[in-house]
Amino acid sequence: ATNTAAPTATNTAAPTATGTPTTQCLTFGQKIQLLVGILLRFGSHEGDRRYRAEYDVDRDGRIDFDDLKQVLETPTCPRHHHE
């Protein structure tokens with residue numbers, strides 16, 4: 001089976017399940033949401049009840065340290081202040 005859902009790094013409030021990251025950064029909120037989801041599903045594999053493809057950031061069929069590392073290494077988008 002092929003996974004088609006992955007977080008998309010955009011300037012939205014949360015990642016979307018549309019494919020691999022398409023931009024260079026994640027908002028702080030996106031990072032927190034992904035990290036919490038990864039930690040809650042840590043160790044699950046494709047086919048497990050707890051597995052969710054959107055938290056398998058590196059698309060290798062398991063949610064593990066590599067997914068955490070990828071999210072942590074993705075730059076945080078700069079905040080835009082409205083003046």
Calculate, to the nearest 0.5 Å, the distance between atoms [atom1] and [atom2] belonging to [X] and [Y] respectively.
X   : Y   : atom1 : atom2 : value
R52 : I38 : CZ    : CD1   : 14.0 Å
D64 : Q70 : CG    : CD    : 10.5 Å
C77 : Q30 : SG    : CD    : 6.5 Å
D66 : E73 : CG    : CD    : 9.5 Å

_Looking at V57, is its backbone amide N or carbonyl O close enough to the side chain of D67 to form a donor-acceptor pair, meaning the two atoms are under 3.5 Å apart?_
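Judged by distance alone, yes, a pair lies under 3.5 Å.
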*Main-chain N/O of A53 paired to R59 side chain as donor or acceptor, under 3.5 Å*: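 Here the side-chain-to-backbone pair exists.
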*Which residues pass the side chain to side chain donor-acceptor pair (under 3.5 Å) test with R50, sequence neighbours left out?*
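Scan of R50 (side chain to side chain donor-acceptor pair (under 3.5 Å), adjacent residues dropped) gives none.
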*Do Y55 and F42 have ring centres separated by under 6.0 Å?*
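Here the rings of F42 and Y55 have centres that are no less than 6.0 Å from each other.
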*Do K31 and T74 meet the criterion of a side-chain donor-acceptor pair at a distance under 3.5 Å?*
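On atom types as modelled, these side chains do not qualify, holding no pair under 3.5 Å.
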*State plainly whether one hydrophobic cluster holds both I63 and L40, where clusters connect Ile, Leu, Val, Met, Phe, Trp and Tyr through side-chain heavy atoms under 4.5 angstrom apart.*
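In one cluster with I63: L40, no.
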*By side-chain contact (heavy atoms from CB on, under 4.5 Å), which residues pair with L35, not counting sequence neighbours?*
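With neighbours one apart ignored, the set is L68, V71, L72.
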*D48: side-chain contact (heavy atoms from CB on, under 4.5 Å) partners, not counting sequence neighbours*: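 Expected list: S44, H45, Y51.
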_Could you check whether any side-chain heavy atom of L34 comes within less than 4.5 Å of a side-chain heavy atom of L26, counting everything from C-beta outward?_
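Yes. Closest side-chain heavy atoms under 4.5 Å.
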*Are D58 and D56 close enough, and set up right, to give a side chain to side chain contact (heavy atoms under 4.5 Å, CB included), and what steps lead you there?*
CA-CA 6 Å; D58 63 0; D56 183 8; 2.9 Å; yes
*Quick one: ring-ring contact (aromatic ring centres under 6.0 Å, His included) partners of F28, sequence neighbours excluded?*
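Residues passing ring-ring contact (aromatic ring centres under 6.0 Å, His included) with F28: none at all.
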